[in-house]
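Input: a single structure, listed below in structure tokens.
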Number of protein chains: 2
Amino acid sequence: MLAVTVGTPLLQAEQACSLFKALADPIRLQVVEVLSSGERCVCDLGADLGLAQSRLSFHLKVLKQAGLLQDRQQGRWTYYSLRPLALQQLSGWILQRIEHAAKPAAPCG
Amino acid sequence: MLAVTVGTPLLQAEQACSLFKALADPIRLQVVEVLSSGERCVCDLGADLGLAQSRLSFHLKVLKQAGLLQDRQQGRWTYYSLRPLALQQLSGWILQRIEHAAKPAAPCG
DNA sequence: GTTTCACATCAAGAAAACTTGATGCGTGTG
DNA sequence: CACACGCATCAAGTTTTCTTGATGTGAAAC
């Protein structure tokens with residue numbers, strides 16, 4: 001068996017599910033895409049994505065609660081960035097599903 | 001820049017979103033876990049997971065429409081299995097987000 | 001050809017997630 | 001201190017997704 005990831009703790013299905021739920025929204029995916037080029041403050045995110053403030057705040061909260069984002073407060077501004085470990089773990093969970101997926105079923109009847 | 005996946009076509013955000021939505025449900029994640037050990041017929045899946053037939057059928061449809069599952073009909077039975085490519089592509093999309101994620105923001109004000 | 005079996009599909013209701021506008025709260029600014 | 005700014009939170013309404021039970025369909029069994 002080939003280890004897919006190195007030194008990354010493995011995810012339970014339940015944790016994976018939380019991460020998938022957090023990513024299962026087009027707006028949150030845009031947020032992740034923007035943040036994938038580096039940290040941003042909320043006001044920049046709102047401007048970039050053209051979102052009402054409360055709407056963006058809602059989605060940031062979902063992503064943060066899932067563990068996908070971290071935030072840092074500096075003066076009046078809050079900066080969000082990705083948590084690479086969470087992404088890495090989720091990717092690991094997915095890749096693990098592939099290994100024996102090709103095994104054909106025993107005929108049922 | 002280090003290429004994370006080799007020879008796998010890249011996913012658009014919209015396609016990634018469909019995949020995430022399909023995986024954003026505990027039952028569907030169980031289905032994926034069971035199928036990760038190989039192909040199964042629907043009746044076995046239903047028995048393994050203890051799900052009403054129509055409920056299982058609904059979730060299989062969601063997963064299949066997203067491109068995560070393929071099915072094969074043989075006699076009276078239908079066999080489902082994972083589509084490794086879809087999983088691989090999704091994993092690739094995730095890993096791509098990590099690369100520059102650590103870059104700090106320019107101070108906002 | 002009728003019955004049975006494995007599964008898909010449908011319609012109606014229930015539950016969960018999302019949006020919107022209003023309000024609250026902490027932190028700087030004058 | 002009063003005010004403005006950046007952001008979080010809340011409540012209400014809307015939309016989406018999920019569940020349930022009933023019905024439909026095609027393939028084998030009789």
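Excluded from the calculations below are hydrogen atoms, water molecules and symmetry mates; all remaining heavy atoms, backbone and side chain alike, are included. Within every chain, numbering begins at 1; the chains are lettered A, B, ... in the order of the sequence lines, protein sequences first and strands thereafter.
Side-chain proximity of A:H59 to the nucleotides D:dA8, C:dT4, C:dC18 is greatest for C:dC18. When distances run from any side-chain atom of B:C41 to the nucleotides C:dC7, C:dA17, D:dT19, the shortest one goes to C:dC7. In this structure, the nucleotide among C:dT9, C:dT19, D:dC7 sitting nearest to the side chain of B:K61 is C:dT9. Closest to the A:F58 side chain, of the nucleotides D:dC7, C:dT19, D:dA8, is C:dT19. Side-chain proximity of B:R55 to C:dC7, D:dT20, D:dC7: nearest is D:dT20.
The distance from the NZ atom of B:K64 to the OH atom of B:Y80 is 5.5 Å, given to the nearest 0.5 Å.
Between B:Q73 atom CD and C:dA6 atom P the separation is 13 Å, expressed in whole Å. Going from atom CZ of A:R76 over to atom C1' of D:dA8 covers 16 Å, rounded to whole Å. In this structure, the CG atom of A:L45 is 14 Å from the P atom of D:dG6, given to the nearest Å. Rounded to a whole Å, the CG atom of B:L63 is 14 Å from the C1' atom of D:dC18. The interatomic distance linking A:L51 (CG) with C:dT20 (C1') rounds to 13 Å, in whole Å. Rounded to a whole Å, the CD atom of B:Q74 is 10 Å from the P atom of D:dA28. Rounded to whole Å, the distance from CG on B:D71 to P on C:dA6 is 17 Å. Taking atom CG of residue A:L56 and atom P of nucleotide C:dC18, one finds them 14 Å apart after rounding to whole Å.
Note on A:R28: a side-chain N or O is less than 4.0 Å away from OP1 or OP2 of C:dC18. Taking side-chain N and O atoms only, A:Y80 has a distance below 4.0 Å to OP1 or OP2 of D:dA8.
Looking at heavy-atom distances under 4.0 Å, A:I27 makes contact with sugar-phosphate atoms alone, never a base. A:Y79 comes within 4.0 angstrom of no nucleic acid atom, judged by non-hydrogen atoms across all strands.
Nucleotides of DNA chain C nearest to B:T78 and A:D25 differ in position, and the one nearer the 5' end is that of B:T78.
Hydrophobic clustering of Ile, Leu, Val, Met, Phe, Trp and Tyr side chains at less than 4.5 Å, counting indirect connections, keeps B:W77 apart from B:V31.
Listed by chain and residue number, A:E39 satisfy the salt bridge (charged side-chain N to carboxylate O under 4.0 Å, His left out) test with A:R72 (two or more places apart in sequence, or in another chain).
Contact of the A:R97 side chain with the B:E33 side chain is registered, since non-hydrogen atoms from C-beta on lie closer than 4.5 Å.
Under 3.5 Å, the side chain of A:Q53 and the base of D:dA8 form at least one donor-acceptor pair of N or O atoms. Between the side chain of A:S54 and the base of C:dG21, a donor-acceptor pair under 3.5 Å is found.
The pair A:D25-B:K21 does not meet the salt-bridge criterion, since no charged nitrogen lies less than 4.0 angstrom from a carboxylate oxygen.
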